[in-house]
Amino acid sequence: MLNKKAFPFILGLIAILMIALAGCASGSEDDGASGSDDSDNESGSDVEEKTINFMHLWPEGSSRQHHLIVNDIIAEYEEANPGITVETEILGNEQYKEKLKVLSSSNELPDVGMTWAAGFLDPYVGGDMFAPLDDIIENDHSDSFVPGTAEAYAIDGTTYGLPLELNITPVMYNKAIFEEHGVEIPETFEELKAAVQTFVDNDVIPITLGNKDSWTGSMWYMYLADRIGGAETLTNAINRSGSFEDPALVEAAAKVQELVDMGGFVKGYNGLANDEAKGYFINEQAAMYLMATWDLPQWTTDENNPQEFRDNVGYFKFPTVDGKGDKNSYVGGPGVGLFVAEDSPVKDEAKDFVSFFVEKWGEQAVSNAGVIPATKVDTENVELPDMYIDVLNDLNEASNITLYADVQMSASVAQVHLNMIQALFGGEVSPEEFAKEQEDALAAEEE
């Protein structure tokens, strides 16, 4: 029998034991929660969520294969980087450029976006809006790029964009239309005019051109300037070691108007956007179409275009003019590249994504879309369409590649150039007036 005096002591001991047990139970729950936290950390659920905003210019409708590759790269990056989401905004070429201007004016650039080389970079770099990317090249891509491509995105020795594409601009032509009308590939400008006349006489559109976008007409002018004046004449006028009123540049403008006056271009070309004009070529209504090799997928691998049409597409080098010019000298250069916004709240992650994107683009663009990347390609280890191989071979033999004129210029002078291209093709200015307006705009920047 329990001693009555010991009873209070036992009750107190029981109470203490109960409190201790309750504490252990609580501790067990805490330990379980702690263990759950460790497990969650290992699985990534506690990884800080971050979003990279990426704006690009390859809509699914007009650039389907580019679009699909971008989506594949993003999916692969997100899988490899838990907690990071890449959100995209996608615009067509001209809409993209306009929106980039608007966003830059309010300091709201996307974390990652697309840019062009040379003069296009100037206002963004001058405004400290694009982040330097030399560290990415040094750490990840020291031997990745085709020589001269990344350098096109450098200002005063600092790189502000990483190139994705390298392009030259041949004249695409429809082999069936040429054969039907007995037209041979023109080797000279006179032969080109003869071909144009044959097509005009037979109610065939000789050349389709969407000059509403103006840079398309600029390429015709640039080739004529190159053939008449040589590879450096136009570039020298832009960099101010020469003049836009050089006789060769005036003559090139006159040659453009010769083609215009004989009905060489599709009706309404100054009001047609490039994609609209391209439709005439894809629908086999136009014999020729001058466009860069970023459109190679359209002519080789894009199953949205009939195989019969793709089989009919060939290309030729821009002809010589009056016995002048090197047909291995091209209008072209690096296409679009990627920038990282200097004020991005996720700048480190954005740089990592850009480095990843450049690597994967080089791998996938070749095999999946036939696009020439700015990174080096081992052609022996990839299966490519014949036209792509031909372009690569031509690129290896290129004596010169002149960067697109509007890209070489500052934004304000580029606008003058594009306005003058419209006016030249529209017959609103003489070749001399065309040259003087641009010379005046370039000279004003030196004051």
Side-chain angles (χ1 to χ4, degrees), residues 169-214 216-228 250-292 295 298-299 305-306 308-325 327 331 387 421-431 434:
T169 308
V171 183
M172 313 309 301
Y173 77 103
N174 187 298
K175 291 185 273 189
I177 294 176
F178 268 56
E179 183 177 347
E180 180 183 351
H181 298 284
V183 175
E184 299 291 330
I185 292 174
E187 300 287 339
T188 68
F189 186 68
E190 290 304 315
E191 290 177 359
L192 176 63
K193 290 202 311 182
V196 166
Q197 192 60 58
T198 297
F199 294 130
V200 168
D201 293 342
N202 288 277
D203 296 322
V204 174
I205 299 168
I207 303 162
T208 189
L209 171 69
N211 204 40
K212 180 180 180 181
D213 296 334
S214 299
T216 51
S218 176
M219 294 190 297
W220 280 92
Y221 171 74
M222 287 185 68
Y223 263 124
L224 290 163
D226 174 281
R227 297 302 188 256
I228 296 167
V250 176
E251 185 182 349
K255 296 293 187 188
V256 165
Q257 290 191 331
E258 286 183 27
L259 290 174
V260 168
D261 290 344
M262 64 188 301
F265 300 101
V266 63
K267 289 180 180 178
Y269 53 84
N270 259 3
L272 288 177
N274 180 50
D275 283 346
E276 293 176 294
K278 187 191 301 184
Y280 287 97
F281 189 69
I282 291 174
N283 292 326
E284 303 197 73
Q285 296 171 282
M288 290 174 278
Y289 175 55
L290 178 69
M291 190 47 59
D295 266 353
Q298 297 272 322
W299 326 131
N305 293 329
E308 182 180 358
F309 159 72
R310 286 181 277 156
D311 289 342
N312 281 336
V313 177
Y315 74 88
F316 59 87
K317 300 174 184 179
F318 200 91
T320 59
V321 179
D322 299 331
K324 301 175 185 176
K327 289 202 295 182
V331 171
M387 186 182 291
I421 287 291
Q422 273 256 325
L424 180 71
F425 275 81
E428 299 166 13
V429 293
S430 69
F434 168 83

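Quantities reported herein were computed from a predicted structural model and do not represent experimental measurements.
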- [ ] Using the test side chain to side chain donor-acceptor pair (under 3.5 Å), find all partners of Tyr280 that sit at least two apart in sequence or belong to another chain.
- [x] none
- [ ] Report the residues that fulfil side chain to side chain contact (heavy atoms under 4.5 Å, CB included) with Ala292, sequence neighbours left out, ordered by chain and then residue number.
- [x] Asn167, Thr169, Trp294, Tyr404
Open item on the list: Are Gln422 and Glu428 packed together at the side-chain level, in the sense that at least one heavy-atom pair is separated by less than 4.5 angstrom?
Closed with: no
Open item on the list: Could you check whether any side-chain N or O of Gln257 sits under 3.5 Å from a backbone N or O of Val429, counting only pairs where one atom can act as donor and the other as acceptor?
Closed with: yes
- [ ] Taking side chain to side chain contact (heavy atoms under 4.5 Å, CB included) as the test, write out the residues that go with Ala194, two or more places apart.
- [x] none
Open item on the list: Is the shortest side-chain heavy-atom distance between Gln298 and Asn305 below 4.5 Å?
Closed with: yes
Task: Listed once per pair and sorted, the side chain to side chain donor-acceptor pair (under 3.5 Å) pairs that draw on residues 198-210, sequence neighbours left out - done: Gln197-Asp201
Open item on the list: Using a 6.0 Å cut-off, check whether atom CD of Glu179 has over 12 heavy atoms from anything other than its own residue.
Closed with: no
Open item on the list: Can you confirm whether Trp299 sits close enough to Ile282 that some side-chain heavy atom of one is under 4.5 Å from a side-chain heavy atom of the other?
Closed with: yes
Task: Plane angle bin for Phe178 and Phe316 - parallel if under 30°, tilted between 30 and 60°, otherwise perpendicular - done: tilted
TODO: Return the set of residues passing side chain to side chain donor-acceptor pair (under 3.5 Å) with Asn283 (not counting sequence neighbours), or none when no residue passes.
DONE: none
- [ ] Just jot down the side chain to side chain donor-acceptor pair (under 3.5 Å) partners of Tyr223, sequence neighbours excluded, or say none.
- [x] none
TODO: Keeping the roles fixed (side chain from Glu276, backbone from Gly210), state whether a donor-acceptor pair exists under 3.5 Å.
DONE: no
TODO: Under the salt bridge (charged side-chain N to carboxylate O under 4.0 Å, His left out) rule, collect the residues that match up with Lys193, sequence neighbours excluded.
DONE: Glu190, Glu258
Open item on the list: Quick one, Glu251 and Leu224 - any side-chain contact, counting heavy atoms below 4.5 Å?
Closed with: no
Open item on the list: So that I know where these two stand, are Trp220 and Phe425 an aromatic pair - ring centroids less than 6.0 Å apart?
Closed with: no
TODO: Mind checking side chain to side chain contact (heavy atoms under 4.5 Å, CB included) for Ala195 and listing every partner two or more places apart, or none if nothing turns up?
DONE: Val183, Phe199
Task: Atom pair NZ/CG of Lys324 and Asp226 - distance to nearest 0.5 Å - done: 12.5 Å
Task: Set of residues satisfying side chain to side chain contact (heavy atoms under 4.5 Å, CB included) with respect to Lys327, sequence neighbours excluded - done: Glu187, Arg227, Lys317, Thr320
TODO: Answer yes or no: is there a side-chain heavy-atom contact under 4.5 Å between Val331 and Tyr221?
DONE: no
Task: Set of residues satisfying salt bridge (charged side-chain N to carboxylate O under 4.0 Å, His left out) with respect to Asp295, sequence neighbours excluded - done: Lys278
TODO: Using side chain to side chain donor-acceptor pair (under 3.5 Å) as the criterion, list what pairs up with Asn174, not counting sequence neighbours.
DONE: Glu284
Open item on the list: Test of understanding: with salt bridge (charged side-chain N to carboxylate O under 4.0 Å, His left out), list the residues that count as partners of Asp322, not counting sequence neighbours.
Closed with: Lys255
